[in-house]
There are 2 protein chains.
Amino acid sequence: MALPPSPQDVEPAAPSRRELNKAATRQAITDSALELLRSKGPGNFTVEDIADAAGISRRTFFNYFGSTDAALASIVHGFLDNAIQQLRLRPAEEPMLESAQAALMALADPKAVAPLAELFTLTQQSPLMSHTELEAWDHCRTQVFTIARERLAGTPGEQDELYVHALAGSIMSCGKAAMEVWFSRRGPDLTPGSLAELRQLLIDAMALLGAGFNTTASPSATRSS
Amino acid sequence: MALPPSPQDVEPAAPSRRELNKAATRQAITDSALELLRSKGPGNFTVEDIADAAGISRRTFFNYFGSTDAALASIVHGFLDNAIQQLRLRPAEEPMLESAQAALMALADPKAVAPLAELFTLTQQSPLMSHTELEAWDHCRTQVFTIARERLAGTPGEQDELYVHALAGSIMSCGKAAMEVWFSRRGPDLTPGSLAELRQLLIDAMALLGAGFNTTASPSATRSS
DNA sequence: GTGCAAACTTGCACGTAGTGTAACAGCGTG
DNA sequence: CACGCTGTTACACTACGTGCAAGTTTGCAC
């Protein structure tokens with residue numbers, strides 16, 4: 001491997017050297033994969049290319065990821081895991097839609113969306129969204145489902161599975177819709193104005209969902225930058 | 001191939017011999033794939049197995065499908081294409097949610113859901129939903145998006161992309177949620193009572209969406225079989 | 001029917017994906 | 001330092017997916 005001692009850290013909660021090495025290798029893989037995506041374009045490089053660029057063997061790559069797609073999708077996973085984390089620390093009494101909106105708002109900052117935005121712009125011309133990317137969103141959906149089920153466990157109405165499944169799926173769809181619209185409008189633009197528009201889109205998307213898509217009475221803000 | 005003249009047909013709209021042969025081969029592939037899924041379980045058979053069972057060469061298999069997954073996902077594709085077809089022949093003035101509900105109701109009959117139900121029961125224990133299956137749902141989502149956009153093209157409110165994207169995604173999520181709940185409750189049960197429950201679930205799911213998931217005022221029917 | 005062109009199937013070869021295995025190197029601890 | 005544990009590496013092997021150059025079937029005109 002190409003990673004000597006490397007004395008400087010940020011996380012005070014991961015002391016073990018092994019943990020650090022693994023994290024560093026993981027990062028090196030995704031970095032190399034993203035770099036190759038930039039330089040050669042989607043589908044024009046192999047696992048061996050990534051392994052070479054990351055300074056590891058082909059076999060080791062597969063100890064971390066199951067495919068090139070998976071390595072790139074880890075960016076999406078990282079973003080969505082972050083969102084789940086934000087969602088978990090919302091108060092349980094808060095309505096789900098508001099929690100979701102708040103959690104997403106917290107992620108509308110450059111540091112969080114930058115990798116995602118670049119990945120999207122680099123892969124959007126190719127066959128839509130890659131397999132593994134869709135899987136990442138679906139995985140997040142199941143997590144939202146779990147959170148929603150925990151929250152509604154003891155509520156009066158005895159909410160059934162349908163409610164929770166449909167709610168979780170719709171929240172994901174609306175969040176995804178907001179990001180897609182934002183990407184299609186702004187591309188890789190990360191200026192404050194652009195991010196403000198993203199936040200507004202997220203608010204609007206959740207509002208649409210909460211209103212059952214009955215916009216006949218609310219022709220309000222849809223663009224705000 | 002294992003398909004001589006084969007004099008009997010059903011479709012009077014596909015005259016060409018080539019078309020018939022291709023359709024028959026395609027069907028033979030999916031049949032063989034499903035049969036192998038039944039007998040050997042997911043992931044325990046190869047493309048060559050399918051090709052042998054279908055009486056074609058491995059190379060020809062790849063002329064029809066890109067992977068074993070894709071061959072099996074064609075079942076999902078078939079179902080969803082059918083749904084899109086139903087959706088398209090709804091009046092354009094009808095609200096989208098009602099159209100979606102009506103289109104889905106039309107598919108709650110044994111002949112349409114049987115293959116889907118079997119596929120679900122055979123693959124649900126393995127890693128959730130396969131890549132290609134998710135892709136099929138996403139492909140359907142883009143079609144719903146297109147239909148919704150066409151409908152709302154000239155409406156007063158000047159609906160923007162966000163509305164259409166979020167709506168299409170939410171409709172798909174709720175339809176999928178209804179089917180998932182149904183499968184988890186009933187498994188491969190295709191009795192009239194079970195199908196009635198599916199229909200009720202679809203109605204309920206669309207109602208939830210139309211009400212913005214505000215069920216505080218409507219503790220109405222969620223199970224009806 | 002005969003001949004021809006287009007469409008389809010097939011076998012072959014090749015590069016890549018992904019996995020099992022066993023030897024090897026780095027880390028943590030006594 | 002030496003030992004056990006964890007992670008890396010090389011190697012071998014099966015299966016995937018595709019380009020290519022045959023061979024075969026179908027549609028069509030004569």
Side-chain angles (χ1 to χ4, degrees), chain A residues 1-7 9 14-29 32-33 36-37 40-74 126-127 130-132 135, chain B residues 1-7 9 13-30 32-33 36-37 40-74 126-127 130-132 135:
Chain A
M1 256 197 59
L3 290 169
S6 170
D9 300 323
S16 165
R17 180 62 161 276
R18 285 205 164 103
E19 308 288 332
L20 291 178
N21 281 350
K22 287 193 73 169
T25 302
R26 201 178 177 81
Q27 191 62 44
I29 292 176
S32 303
L36 282 165
L37 184 65
K40 303 204 170 189
N44 295 85
F45 55 96
T46 71
V47 170
E48 193 157 16
D49 294 333
I50 301 176
D52 287 350
I56 57 170
S57 75
R58 199 179 76 95
R59 190 63 184 81
T60 300
F61 173 92
F62 284 113
N63 286 344
Y64 285 84
F65 299 103
S67 64
T68 58
D69 253 22
L72 289 170
S74 75
S126 68
S130 81
H131 302 179
T132 324
E135 230 175 24
Chain B
M1 255 194 60
L3 291 168
S6 169
D9 299 325
S16 164
R17 180 60 161 278
R18 282 206 166 104
E19 308 288 331
L20 291 177
N21 282 351
K22 287 193 72 170
T25 302
R26 200 178 178 81
Q27 191 62 42
I29 292 175
T30 59
S32 304
L36 283 165
L37 185 65
K40 304 206 169 187
N44 296 88
F45 55 96
T46 71
V47 169
E48 193 157 15
D49 294 332
I50 302 176
D52 288 349
I56 57 171
S57 74
R58 198 179 75 96
R59 190 62 183 82
T60 300
F61 172 92
F62 284 112
N63 286 345
Y64 284 84
F65 298 102
S67 63
T68 58
D69 253 22
L72 289 169
S74 75
S126 67
S130 80
H131 302 179
T132 324
E135 231 174 24

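Every chain is numbered from 1, with letters handed out A, B, ... down the list of sequences.
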Measure the distance from NZ on Lys22(A) to C1' on dA25(C) and round it to the nearest whole Å.
16 Å
What is the distance, rounded to the nearest whole Å, between atom CG of Asp69(A) and atom C1' of dG18(C)?
14 Å
In whole Å, I'd like the distance from the CG atom of Leu20(B) to the P atom of dA7(C).
18 Å
Contact under 4.0 Å: Asn21(B) side-chain N or O vs dT26(D) OP1/OP2
yes
Does the base of dT25(D) carry an N or O that pairs as donor and acceptor with the side chain of Arg17(B) under 3.5 Å?
no
Given atom CG of Asn63(A) and atom C1' of dT6(D), what is their separation to the nearest angstrom?
11 Å
Mark up nucleotides 16-24 of chain D, 5' to 3', with B wherever a protein heavy atom is under 4.0 angstrom from a base atom, S wherever such an atom reaches only the sugar-phosphate, and - elsewhere.
BBBBB----
Give me the atom names and distance for the closest heavy-atom approach of Ser74(B) to Ala71(B).
OG-O, 2.7 Å
If we only count heavy atoms from C-beta on, is the Phe61(A) to Glu48(A) side-chain gap below 4.5 Å?
no
Nearest-Å distance for atom pair CD1/P, residues Ile29(B) and dC8(C)
13 Å
Mind checking whether Leu72(A) and Thr132(A) have side chains closer than 4.5 Å, heavy atoms only?
no
dG28(C), OP1 or OP2 - any side-chain N/O from Ser16(A) closer than 4.0 Å?
yes
If you look at every heavy atom in Ile50(B) and Ile29(B), which pair is closest and at what distance?
CG2-O, 3.8 Å
List the atom of Thr68(A), the atom of Thr46(A), and the distance in Å for their closest heavy-atom pair.
CG2-C, 4.3 Å
Should Thr60(B) be listed as having a side-chain N or O under 4.0 Å from OP1 or OP2 of dT10(C)?
yes
Can you find a heavy atom in the side chain of Val47(A) that is under 4.5 Å from one in the side chain of Phe65(A)?
no
Rounded to the nearest angstrom, tell me the gap between atom CZ in Arg26(B) and atom P in dT9(C).
12 Å
Residue list, side-chain contact (heavy atoms from CB on, under 4.5 Å) with Lys22(B), at least two apart or on another chain
Tyr64(B)
Please state how far atom OH in Tyr64(A) lies from atom C1' in dT19(C), giving the value in whole angstrom units.
18 Å
